[in-house]
Amino acid sequence: MRSVSIFGATGSVGESAFDLLMRAGGADAFRTIALTGGRNALRLAEMARALRAEIAVIADEDRLPDLREALAGTGIEAAAGDAAIDEAAQRPSDWSLSAIVGAAGLMPGLRVAQRGGTLALANKESLVAAGPLLMGEARRSGATILPVDSEHSAIFQCLDCGKLDSVEHVTITASGGAFRDWPLERLPFASVAEASSHPNWDMGQRITIDSASMFNKALEVIETHEFFGLTSDRIRVLVHPESIIHAMVSYSDGATLAHLGPPDMRHAIGHALNWPDRAPLPVAGLDLAAIGQLTFRAPDEGRWPALRLARQVIDQSGAAGAVFNAAKEQALDDFIAGRLRFTDMAGAVEHALDIAAGRPHFGTSPADLDAVLAWDRAARRDAAGWSPAGKD
Ligand code: NAD
Ligand code: MG
């Protein structure tokens, strides 16, 4: 029986993965090793009971009594805190999904890569902040990393038909998010609620806001670079409001292969779960006649400065990814808390990158998780210290 673990089980991606496992036979078909959640102990316990997990870990230590109570009498271990997530990630499992949001997701993915497991990677921040480290550990141990971000899963699937060295460029699509059609002068006044609604995808709040600012696409451009080893000039972004084509691979012979599907993460998660085979998934078929037309536009970097910063980060390399990711997370926290305007997030991130570029060893990729987290902490401080011109 295949063993599985989910890090970030109670989130949007985690819930979709849970749904797939339950539909595929649940505890009778999979041996679940570890499930982790951030704060929702009751939902985590429900999932752990349904899948008869070995251990359930809640990140927030204050929620441990609730988790223990909800699991009483089941024989399922309950634990809390980052060290417990670390320990759970080191337990052997055949397939592990990294679906914690933000830099907190780095550690479990890295542990799976270090122990040579199969890592289904939704946590794009891992590749942005620590790409060379994660990929290097996977190479050393023989771990398999399967992309779960829909665009990267799409590229991965289009590459089945050709070799990476015959790829001319890849294109990842972007819906354009909540503010695609807003007049530019309204953007500074966008509220958190307005930024938290996505036209096509149903996702966690942070990635939804990142979609509106295009920081999500910026992370994905860097993710593409780290995962597939393509230089920034071979990675294109195309605004595609219908979100039906997720990515395209253009080969040197002039052929372009596209991956199409409805915007449902269960496809990309299910693809990684079934890989290298394919199996039926509970995803709606594609009715192109009903959709009628697919439209495209070039992204406007004036509206979305995050895209320009992504290319800068790839070209700078070294610690730039760790700084970019952390500064973006801080700027997002500040926007959600009402301390920054929507359009000021890019300024805070650029400021943190500028400061970091003057520090020693900026050009060297962080060699371990502690080094990544040191850059991360400094970048959060620098981003938080920034204030837009005209304010103090
Ligand atoms: P989410 O906010 O819905 O869920 C995140 C999960 O992480 C939850 O289980 C939460 O409890 C847990 N968590 C949060 N903070 C934590 C911490 N400090 N320590 C431990 N656990 C913590 O997020 P999501 O939308 O499911 O996204 C998860 C990851 O997948 C992100 O990296 C995101 O970029 C990526 N991703 C998501 C989608 C999507 O459709 N939602 C698509 C592609 C990629
Ligand atoms: Mg994506």
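In listed order, ligands and their atoms are each counted from 1.
Among the atoms of Glu125, some N or O lies under 3.5 angstrom from an N or O of ligand 1. Considering both main-chain and side-chain atoms, Thr10 comes within under 3.5 Å of ligand 1 through a nitrogen or oxygen pair. At least one N or O atom of Val13, backbone or side chain, sits closer than 3.5 Å to an N or O atom of ligand 1. Remark: ligand 1 and Ser12 share an N or O pair separated by less than 3.5 Å (distance only, no angle test). At under 3.5 Å, a nitrogen or oxygen of Gly38, whether backbone or side chain, sits near a nitrogen or oxygen of ligand 1.
Each of the following atoms of ligand 1 lies closer than 4.0 Å to a heavy atom of Ala59: 19 (N), 20 (C). Of all the atoms in ligand 1, the ones that sit under 4.0 Å from a non-hydrogen atom of Gly204 are 3 (O), 25 (O), 41 (N). Annotation for ligand 1: atoms under 4.0 Å from non-hydrogen atoms of Ala104 are 17 (C), 18 (N), 19 (N).
For the pair Arg111 and Phe7, the NZ or CZ position fails the cation-pi test of under 6.0 Å to the six-membered ring centre and within 45 degrees of the ring normal.
When the options Gly109, Gly11, Gly14 are ranked by their closest heavy atom to atom 8 (C) of ligand 1, first place goes to Gly11. Proximity annotation for atom 2 (O) of ligand 1: of Leu219, Asp202, Val101, Val101 comes nearest, heavy atoms only.
Checked against the Mg ion (ligand 2), the N, O or S atom of Glu151 at the shortest distance is OE1. Nearest N/O/S atom of Glu220 relative to the Mg ion (ligand 2): this is OE2. Taking the Mg ion (ligand 2) as reference, Asp149 places its N/O/S atom OD1 nearest.
The existence of a salt bridge linking Glu77 and Arg91 is confirmed by a sub-4.0 Å separation between a basic side-chain nitrogen and an acidic carboxylate oxygen. Checked for salt-bridge contact, Asp165 and Lys163 miss the test: no charged N lies under 4.0 Å from a carboxylate O. Taking 4.0 Å as the cut-off between side-chain N and carboxylate O, Arg341 and Asp344 count as a salt-bridged pair. By the 4.0 Å N-to-carboxylate-O rule, Arg380 lies too far from Asp334 to be salt-bridged with it.
Expressed to the nearest 0.5 Å, how far CZ of Arg359 lies from CG of Asp382 amounts to 4.5 Å.
Under the 6.0 Å cut-off for aromatic ring centres, His267 and His259 qualify, their centroids lying closer than that.
Counting only heavy atoms of the protein, atom 28 (C) of ligand 1 lies nearest to Ala99 O, 3.3 Å. For atom 29 (C) of ligand 1, the closest non-hydrogen atom of the protein is Ile100 O, 3.8 Å. The protein non-hydrogen atom at the shortest distance from atom 33 (C) of ligand 1 is Ile207 CD1, 3.9 Å.
Side-chain polar atoms of Thr224 and His152 form a donor-acceptor pair below 3.5 angstrom.
By the 30° and 60° cut-offs, the orientation of the rings of His271 relative to Phe156 is perpendicular.
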